[in-house]
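The block underneath contains the structure these notes are about, expressed in structure tokens.
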Amino acid sequence: MQFKRRTHTCGELRESKIGERVVLNGWVDSRRDLGGVIFIDLRDRYGITQVVFEPAFNKEAHELAKKLRSEFVISVEGVVRNRPEDTLNPNLPTGMIDVKVDKLIILNEAVTPPFQIKDNIDVNEDLRLKYRYLDLRRSKMQKNLLLRHKVYQIVRRYFDENNFVEVETPMLMKSTPEGARDFLVPSRLHKGKFYALPQSPQTYKQILMVAGYDRYFQITKCFRDEDLRADRQPEFTQIDVEMSFVDVEDVFEIVEGLMKKLFKEVWNKELELPLPRLSFNEAMEKYGSDKPDLRFELEMVKLNDVFANSEFRVFNNTIEEGGIITGLLAKGCGDYTRNQLDVLTNFVKKLGAGGLIWMRVREDGLEAPVAKFFSEEEKQALIKQMNAEAGDLIFIISGQWNKALTIMGNLRLEMAKRMNLIKEDAEPSLLWVTDFPLLEWDDETQRFYAMHHPFTSPRVEDIPLMDSEPAKVRARAYDLVLNGNEIAGGSIRIHDSKLQSKMFEVLGISKEEAEEKFGFLMNAFKYGAPPHGGIAFGFDRMVMLFAGENSIREVMAFPKTSSGLSLMDDSPSTVSEEQLKELHIKLR
RNA sequence: GGGGUCGUAGUUCAGUUGGUUAGAACGUCGGCCUGUCACGCCGAAGGUCGCGAGUUCGAGUCUCGUCGGCCCCGCCA
């Protein structure tokens, strides 16, 4: 196909080019055929330029232009011209000019697309995903991917400037237990053996510290074979960071510097440093989440003291069993109807709560189905503790510490929505959550699991507790939270092989098992491991938030559906018997 | 593994207590139109109501199953 190389993109012509002869290439965004004159909006990723076909200017081009339809790929040659004054289009950067065409080449025709290529379309996401190449033509998607590109560049530049080395780590690695399910890759050369795709480059980056690279980063894909969410895909991108001879504060300093840059360059906002910090316990008891959204107040209140001697059996039992009674004050919601309250009760029950206690605060006291169970002193103490006034609504949930707080945390977010507390223009909330527990008890398997991962260092002063009260040991672990989303998490690692052995022991991992699964890492540590620590960012999630989107799919070029399917290329798919045979695999 | 919700024209949706020929807008196609930019006007085509059973004289509508999308819980070191 003969066509002239473009002289300009569709986004760059301005009044200064009037009179110049230009060649533009692009897609037909829309056509307006007025009979005697045809207007085409020509589109590429740089913008839109209106090109005009007039029979008086060139009859042949005008005749051919009648055939043009949406998404045809064309090349036009003509003269830049100023528009008549009353036909300027202030909505387009190129709206002061148009191009009068005397030569049109149709480079490719296009069938009618299944949905219109424009912003603010209302199309089901599955259709967009099936025709992703059309969806990606929309300026909103182009904007998102260009933002993503910008963030890559800022991140790379920042770490480079701070002496970090970018190192690629393997995509085919050893399957490690503890944590998410691995995606497995069968080995053809080694019958019955499998590689795993990395859930994270964790072990490699620690080994790079042993190897003396001192400061490492990588922007890399990770894979986890778990169920999906709006902010979780089976393959996703992580900014992986590790540093030697550091403590928590050093990691924070580097990360805060990056966030300051991103806030400035993406949002043009000055981020104030140092970032606020909350301990895990505080975050849970005040906000019912380890990734609290602090764009609004609405704090939860611990009520164990208020009901310490309560006659109310539910509270009684909770306190006896070491649980928590947590309250939430919904300002001015005292007029909620029984029906609204039933909906909210249902909401918490679905999350596993036994029930939801609510009380309307009146001038003359508390109005609630359970009011009769409480003494006047308790009621007064409750009102005082909650800082409640007439016209308010109090919610109370009691139960096992983690569960009750998590459910109340969800109710907190739900109420924030209902009370419209998250304003469109609210300042973003970025903070550290620190002092996570090192271990988490699992009822099902009756053992402790590492909350972060088994290489996470406990706080030095808590090490003696590892034997006596493992659940109380705090980790040198931290999460970075933006607007209620965990965007990064990391820790200072164990670099001492004795402490690491202790950790495995607490986790119920035998010496033999540890040797088999993590022997290579333990072995490396024998040859001089520096103290080290690091962090990993959920890159997609971070870009999602910077883009103001609600799903990471909006900032990924080719995401999967929530059932893990790729609708465009129809994967996963079956494979041939020959392929299976080569891989020594028999389906059952 | 569990819960919720949705599935009707190419697209987004409406469709009443189960009842005549399943509608609208946008898009598409054709005609007219020389300054439009949500072009306008006239006309037309376009439907396996996701799929499969069942109930019924009669099912887009009710029941069961199944497939798929989205959201959430579990899960995600």
Side-chain angles (χ1 to χ4, degrees), chain A residues 29-42 48-57 62 66 69-70 81 83-92 94-95 98 100 111-118 120-131 134 176-182 199-200 202-203 222-234 236 346-353 403 406-407 410 413-414 436 438-440 442 444 448-456 475 477 486 489-491 503 507 509 517-518 536 538 550-551 553 560-563 565 567:
Chain A
D29 192 70
S30 65
R31 91 191 145 104
R32 292 176 293 281
D33 184 347
L34 274 61
V37 60
I38 297 172
F39 296 98
I40 297 289
D41 284 343
L42 193 62
I48 283 179
T49 299
Q50 175 170 275
V51 300
V52 189
F53 298 88
E54 287 176 18
F57 187 63
H62 178 262
K66 287 181 183 171
R69 294 294 181 272
S70 288
R81 192 180 54 170
R83 295 191 185 198
E85 201 162 321
D86 53 343
T87 65
L88 304 176
N89 187 345
N91 298 320
L92 285 181
T94 60
D98 56 24
K100 195 155 81 162
V111 296
T112 305
F115 53 86
Q116 290 168 263
I117 313 299
K118 58 179 189 185
N120 304 318
I121 50 164
D122 202 1
V123 189
N124 277 330
E125 197 179 353
D126 47 344
L127 198 71
R128 291 175 51 203
L129 290 178
K130 182 170 179 187
Y131 298 94
L134 298 179
T176 49
E178 303 278 311
R181 292 183 186 90
D182 283 324
Q199 299 177 23
S200 110
Q202 184 62 36
T203 48
C222 298
F223 306 83
R224 292 178 190 173
D225 189 7
E226 296 293 344
D227 287 6
L228 292 78
R229 291 280 193 284
D231 62 353
R232 266 164 39 188
Q233 285 269 309
F236 60 100
N346 207 25
F347 175 83
V348 298
K349 277 188 174 171
K350 274 183 190 160
L351 294 172
K403 191 174 170 186
T406 302
I407 292 168
N410 276 303
L413 292 176
E414 177 65 20
F436 283 85
L438 184 69
L439 303 159
E440 223 174 357
D442 181 56
E444 211 170 298
F448 281 106
Y449 280 85
M451 192 157 179
H452 188 49
H453 57 58
F455 317 112
T456 302
E486 181 198 330
S491 63
M503 182 69 175
L507 291 173
I509 299 173
K517 289 168 179 168
F518 304 111
N550 291 315
S551 159
R553 295 187 297 272
K560 306 211 166 21
T561 68
S562 70
S563 64
L565 299 174
L567 297 178

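The basis for the numbers below is simple: all heavy atoms, side chains too, and nothing from hydrogens, waters or symmetry mates. Within every chain, numbering begins at 1; the chains are lettered A, B, ... in the order of the sequence lines, protein sequences first and strands thereafter.
Both distances falling under 3.5 Å, in either a Watson-Crick or a G-U wobble arrangement, place B:C41 opposite B:G31. When both pairing distances are held under 3.5 Å, B:A53 makes a Watson-Crick or G-U pair with B:U63. For B:A24, the paired base is B:U12 (Watson-Crick or G-U wobble, both distances below 3.5 Å).
Going from atom CZ of A:R181 over to atom C1' of B:C76 covers 9 Å, rounded to whole Å. Distance, A:K130 NZ to B:G10 C1': 12 Å, rounded to whole Å. The CD-C1' distance, from A:E125 to B:G7, rounds to 15 Å in whole Å. In this structure, the CG atom of A:N410 is 14 Å from the C1' atom of B:G3, given to the nearest Å. A:K560 places its NZ atom 17 Å from the C1' atom of B:G68, with the value rounded to the nearest Å. Between the C1' atom of B:C6 and the CG atom of A:D122 lies a distance of 13 Å, rounded to the nearest Å. Put simply, CG on A:N346 is 14 Å from C1' on B:C72, counting in whole angstrom units. Put simply, NZ on A:K349 is 15 Å from P on B:G4, counting in whole angstrom units.
Residues passing the side-chain contact (heavy atoms from CB on, under 4.5 Å) test with A:N124, sequence neighbours excluded: A:D126.
Separation of the P atoms belonging to B:G43 and B:A25 is 12 Å when rounded to the nearest angstrom. Spacing between B:U66 and B:U21 at atom C1', rounded to whole Å, works out to 32 Å. For the P atoms, the distance linking B:G4 with B:C13 amounts to 22 Å, nearest Å. Annotation: B:G15 and B:U55 have their P atoms spaced 29 Å apart (nearest Å). Separating the C1' atom of B:A59 from that of B:U8 is a span of 14 Å, rounded to the nearest Å. For B:G65 and B:C76, the P atoms lie 31 Å apart once the distance is rounded to whole Å. A gap of 15 Å separates the C1' atoms of B:C26 and B:A14, to the nearest Å. Nucleotides B:A9 and B:A45 have their C1' atoms positioned 11 Å apart, rounded to a whole Å.
Which of B:G74, B:G27, B:G4 sits closest to the side chain of A:K350 comes down to B:G4. Listed nucleotides: B:C71, B:G68, B:G27. Nearest to the side chain of A:S562: B:C71. Residue A:N124 places its side chain closer to B:U12 than to any other of B:U12, B:C71, B:G69. Side-chain atoms of A:R232 lie closest to B:G74 of the nucleotides B:G30, B:G3, B:G74.
Distance check, rounded to the nearest 0.5 Å: OG1 of A:T561 to CD of A:E125 gives 9.0 Å. Between the CG atom of A:D29 and the CD atom of A:Q116 there is a distance of 10.0 Å, given to the nearest 0.5 Å. For the atom pair CD1 (A:I117) and OH (A:Y131), the distance works out to 11.5 Å, reported to the nearest 0.5 Å. Atom CZ of A:F448 sits about 10.5 Å away from atom CG of A:D442, to the nearest 0.5 Å. Interatomic distance, A:N91 CG to A:N89 CG, rounded to the nearest 0.5 Å: 5.0 Å.
In the interface, the side chain of A:R69 is not paired with the base of B:G27 through any donor and acceptor atom under 3.5 Å apart.
OP1 or OP2 of B:G68 has not a single side-chain nitrogen or oxygen of A:S563 nearer than 4.0 Å. Of the side-chain N and O atoms in A:T112, none sit less than 4.0 angstrom from OP1 or OP2 of B:G27.
Annotation: side chain of A:V52 is in contact with side chain of A:R81 (closest heavy-atom distance under 4.5 Å).
Within 4.0 Å (heavy atoms only), A:P454 reaches at least one base atom of the nucleic acid. Here A:E440 lies out of heavy-atom contact (under 4.0 Å) with every strand. Residue contacts for A:I38: at a heavy-atom cut-off of 4.0 Å it reaches no nucleic acid atom on any strand shown.
Between A:S70 and A:L351, the residue anchored nearer the 5' end of RNA chain B, judged by the nucleotide with its closest heavy atom, is A:S70. Each of A:N550 and A:A450 was assigned the nucleotide of RNA chain B with the nearest heavy atom; the assignment lying further toward the 5' end belongs to A:N550.
In plain terms, the two heavy atoms of A:L438 and A:M503 that are nearest each other are CD2-SD, 3.7 Å. In plain terms, the two heavy atoms of A:R224 and A:S200 that are nearest each other are NH2-CB, 4.1 Å. Nearest heavy atoms, A:V37 versus A:E54: CG2-CG, 3.7 Å.
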Note to self: Treating primed atoms plus P, OP1 and OP2 as sugar-phosphate and everything else as base, which nucleotides of nucleotides 33-42 of chain B get B, S or - for protein heavy atoms under 4.0 Å?
What the structure shows: BBBBB-B---

